[in-house]
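One structure is given below, encoded as structure tokens.
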Amino acid sequence: MMNTYEILKSAHSGWRYVVFLLLLIAVIQAIVSWIDKKEYTERNRKLNVFTLISAHIQFVFGVILYFLSPLTKGPMADTLYRYWKVEHISMMIIAVILITVGNAKSKKGTDSVKRHKSIAIFFGLALISIVVAILMMVNSDPSKSFFGIS
Ligand code: HEM
């Protein structure tokens, strides 16, 4: 039987691909639509909202894991524990905030170009933050890999 920690760990581990793929598609679509001055469609809006929701779900899994995981219970002097105690949480929260702000700005935008631009910039920065955080994870914790679910 899996315990709560193991269930959440697998959920958080696998859900990253949902967040990552939605975010990647949203960013590419926003950049292309911004450059081509395309209309901001209902389809665009839905994709951005699904991306936002997926990130918030990942955030909730992460916050609970923060309390349950043995990886957050060790000395800061140790690269591995420092990563899990402060670096992962900080960079991922920054990413979630960027996604939240980007989505909010896209709603306030007065024209399609501005809306695509908000998504392209804010979601783009969030994507960078997530990729950097995962690269740092691979460097700090030898038991984790860039791809692969645990
Ligand atoms: C978009 C946001 C996030 C992404 C993409 C993400 C991604 C990941 C990945 C890839 C892992 C490694 C999972 C594995 O072992 O295969 C992980 C683990 C973990 N994450 Fe996140 N994370 C996010 C947000 C957060 C947040 C906001 C927190 C805390 C508040 C958090 C806390 C943790 C903890 C504690 C672990 C270690 C679990 C363990 O192995 O014991 N994550 N995360």
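Scope of the values below: all heavy atoms of this structure, side chains included, with no hydrogens, waters or symmetry mates. Every number for a ligand or one of its atoms is a count from 1 in the order of the listing. Note that the structure is predicted; figures quoted are calculated from it, not measured.
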At their closest point, which heavy atom of Gly102 faces which heavy atom of Ile119, and how far apart are they?
O-CD1, 3.8 Å
Are any of the heavy atoms in Trp15 under 4.0 Å away from ligand 1?
no
Which residue holds the protein heavy atom closest to atom 14 (C) of ligand 1, what is that atom called, and what is the gap in Å?
Ser150 OG, 2.8 Å
Asn48 (side chain) donor-acceptor with Asn44 (main chain) under 3.5 angstrom:
yes
Kindly give the heavy-atom pair with the smallest separation between Glu87 and Ser140, and that separation in Å.
OE1-OG, 4.4 Å
For Phe59, the ligand 1 atoms whose distance to one of its heavy atoms is below 4.0 Å:
27 (C)
For Tyr5, the atoms of ligand 1 under 4.0 Å from one of its heavy atoms are 39 (C), 40 (O), 41 (O)
Out of Leu8, Ile94, Leu127, Ile130, who gets a non-hydrogen atom closest to atom 1 (C) of ligand 1?
Ile130
Should you measure from each heavy atom of Val63, which atoms of ligand 1 turn up under 4.0 Å away?
29 (C), 30 (C)
Nearest heavy-atom contact between Ile93 and Phe59 is CG1-CE1, 3.8 Å
In terms of atom number and element, which parts of ligand 1 are under 4.0 angstrom from non-hydrogen atoms of Tyr66?
35 (C)
Atom 36 (C) of ligand 1 sits nearest the protein heavy atom Trp84 CZ3, 3.3 Å
So, is Ser69 polar-close to ligand 1, with some N/O to N/O distance under 3.5 Å?
yes
I'd like the name of whichever of Lys144, His56, Met137 reaches closest to atom 11 (C) of ligand 1 through any heavy atom.
Met137
For His88, what residues pass the ring pair (Phe, Tyr, Trp, His ring centres under 6.0 Å) criterion, not counting sequence neighbours?
Tyr83, Trp84
Could you tell me whether Arg45 and Glu42 make a salt bridge, using a distance below 4.0 angstrom between a side-chain N and a carboxylate O?
yes
Can you name the residues that form a side-chain hydrogen bond (donor to acceptor under 3.5 Å, both in side chains) with Thr4, not counting sequence neighbours?
none
Using every non-hydrogen atom in the two residues, find where Ala126 and Leu98 come nearest and quote the distance to one decimal.
N-CD1, 3.7 Å
Do the non-hydrogen side-chain atoms of Arg115 and Trp34 ever get within less than 4.5 Å of each other?
no
Minimal non-hydrogen separation, Thr51 against Leu47, with atom names
OG1-O, 2.7 Å
Taking only residues two or more places apart in sequence, or in another chain, which ones meet Tyr40 in a ring pair (Phe, Tyr, Trp, His ring centres under 6.0 Å)?
His116
Within less than 2.8 Å of atom 21 (Fe) of ligand 1, the count of protein N, O or S atoms comes to 2
